[in-house]
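Okay, structure first, notes after.
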Number of protein chains: 2
Amino acid sequence: MLYSSELIKGTLKTIILKLLKENKRMYGYEITQTVKELTNGKIQLTEGALYPSLHALEAEGIVTTETEYIGKRVRKYYTLSAAGKTHTKEKINELVDFMETMRFLLDIKPA
Amino acid sequence: MLYSSELIKGTLKTIILKLLKENKRMYGYEITQTVKELTNGKIQLTEGALYPSLHALEAEGIVTTETEYIGKRVRKYYTLSAAGKTHTKEKINELVDFMETMRFLLDIKPA
DNA sequence: TCAAATATATAATATTCTTATGTATATTTG
DNA sequence: CAAATATACATAAGAATATTATATATTTGA
């Protein structure tokens, strides 16, 4: 089962940030594969969603990039900036809090 | 603290459906107020997001509507259809599953 | 050798929300 | 009793973001 895209939309950036926090340095394709593996295929990030998000994070100064060549193939690594580390903590805390609220909402029993 | 709008986007319809499941019959304004109360003001649905969503649910046959007059003021009640009840269960299950996956992702510890 | 996997990127389109606006009635407070 | 606030629905213009498709190129394995 794949999750509906609306669900992923709201959490996409937080997922990216969390992975960068744990792995220090990652490239786009690696992020899609890691998310796919960690979620047993339930979350499959598409390029059309991932790259614009990564570029936005870069423009906001949340991540910095380095380009490397693996043979002749280009690879762009993303790393959290100092500001990005702070931002990441905030986003993760917000998501944890949000999930607690949602859990409460979904737990409400019929009268 | 208010949650960022992206987070709410993904779960808006599921929240509406869950409330309709528990309360049988609700009108738009009532939904905004109930969500606000249940979340201690952390989720504040705007009309611009709520009404288009409700109209979409109606167009999809997930909810049916009845209009009533309270004095001279109009009030539009929304109720889950039979198909809507099934759909609601699916959406709730999906969200619960998704939150478990997110919890797992967020729990990953540094190596 | 050729298909699949690896790897990044963008453009056109679609979707959906934000913000603002509009309409109208009802209630509370100074 | 006037003004402010709350109730109640709705839509439109613009913004933001994702989907889908496309483009390019290398590497690996059957």
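Below, chains carry the letters A, B, ... as their sequence lines are ordered, and counting in each starts from 1. When reading the values below, keep in mind they use all heavy atoms of this one structure, side chains included, and skip hydrogens, waters and symmetry mates.
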Task: Taking every non-hydrogen atom, the tightest pair across B:Ser81 and B:Thr64 - done: CB-CG2, 4.3 Å
Open item on the list: With a 4.0 Å cutoff (strictly under), does any side-chain N or O of B:Tyr51 reach OP1 or OP2 of D:dC9?
Closed with: yes
TODO: Would you mind classifying the nucleic acid contact of A:Tyr77 as base, sugar-phosphate or nothing, using non-hydrogen atoms under 4.0 angstrom?
DONE: nothing
Open item on the list: As a check on the pairing definition, encode DNA chain C in dot-bracket form, counting Watson-Crick and G-U wobble pairs whose two distances are under 3.5 Å, and using | for partners outside this strand.
Closed with: ||||||||||||||||||||||||||||||
- [ ] Verify the contact: side-chain N or O of A:Ser53 to OP1 or OP2 of D:dA18, cut-off strictly under 4.0 Å; return yes or no.
- [x] yes
Task: Rounded distance [0.5 Å steps], OG1 in A:Thr32 versus CD1 in A:Ile43 - done: 12.5 Å
TODO: Please state whether the phosphate of D:dA10, meaning OP1 or OP2, lies under 4.0 angstrom from any side-chain nitrogen or oxygen of B:Lys76.
DONE: yes
TODO: Output the distance between atom CG (A:Leu95) and atom CE (B:Met99), rounded to the nearest 0.5 Å.
DONE: 10.0 Å
Task: Nearest-Å distance for atom pair CD/P, residues A:Gln44 and D:dA18 - done: 17 Å
- [ ] Could you tell me the separation between the CD atom of B:Glu68 and the C1' atom of D:dC9, rounded to a whole number of Å?
- [x] 15 Å
Open item on the list: To check you understand the geometry: which heavy-atom pair defines the closest contact between A:Lys76 and A:Tyr27, and what is its length?
Closed with: O-CB, 3.1 Å
- [ ] Show the numbers, then the answer: is there a side chain to side chain contact (heavy atoms under 4.5 Å, CB included) between B:Ile15 and A:Met102?
- [x] CA-CA 8 Å; B:Ile15 292 171; A:Met102 284 307 298; 3.7 Å; yes
- [ ] State plainly whether the residues B:Glu100 and A:Lys42 are in salt-bridge range, i.e. N to O under 4.0 Å.
- [x] no
Task: chain A footprint on DNA chain C, 5' to 3' - any atom under 4.0 Å from a heavy atom - done: C:dT6 to C:dT10
Open item on the list: If I take atom OH in residue B:Tyr69 and atom C1' in nucleotide D:dA8, what distance separates them, rounded to the nearest angstrom?
Closed with: 11 Å
- [ ] Determine the contact category for A:Arg75: base if any of its heavy atoms lies under 4.0 Å from a base atom, sugar-phosphate if only primed atoms, P, OP1 or OP2 are that close, otherwise nothing.
- [x] sugar-phosphate
Task: Separation of atom NZ in A:Lys72 from atom P in D:dT24, rounded to whole Å - done: 18 Å
Task: Protein-nucleotide distance (B:Glu30, atom CD; D:dC9, atom C1'), rounded to Å - done: 14 Å
Task: Distance-minimising heavy-atom pair for A:Pro52 and A:Glu47 - done: CD-O, 3.6 Å
Open item on the list: Please compare A:Glu6 and A:Gly71 by the position of their nearest nucleotide in DNA chain D and report the one closer to 5'.
Closed with: A:Glu6
Task: Nearest-angstrom distance from the residue atom CG of B:Leu50 to C1' of D:dC9 - done: 10 Å
Open item on the list: Tell me whether the side-chain N/O atoms of B:His55 come closer than 4.0 Å to OP1 or OP2 in D:dT11.
Closed with: yes
TODO: Rounded off to whole Å, could you give me the NZ-to-C1' distance for the B:Lys9 and D:dA18 pair?
DONE: 10 Å
Task: A:Glu6/A:Lys9 ion pair, N-O < 4.0 Å - done: no
Task: 4.5 Å side-chain heavy-atom contact, B:Lys18 and A:Leu105 - done: no
- [ ] Quickly work out the A:Leu7 CG to D:dA18 P distance and round it to whole Å.
- [x] 13 Å
TODO: Apply the side chain to side chain contact (heavy atoms under 4.5 Å, CB included) test between A:Ile16 and each candidate in A:Leu54, A:Thr88, A:Ile62, A:Val63; give the one that qualifies.
DONE: A:Leu54
Task: From D:dA18, D:dA10, D:dC9, nucleotide with atom closest to A:Leu12 side chain - done: D:dA18
Open item on the list: Does B:Gly28 reach a base, just sugar-phosphate, or nothing at all? Heavy atoms under 4.0 Å.
Closed with: sugar-phosphate
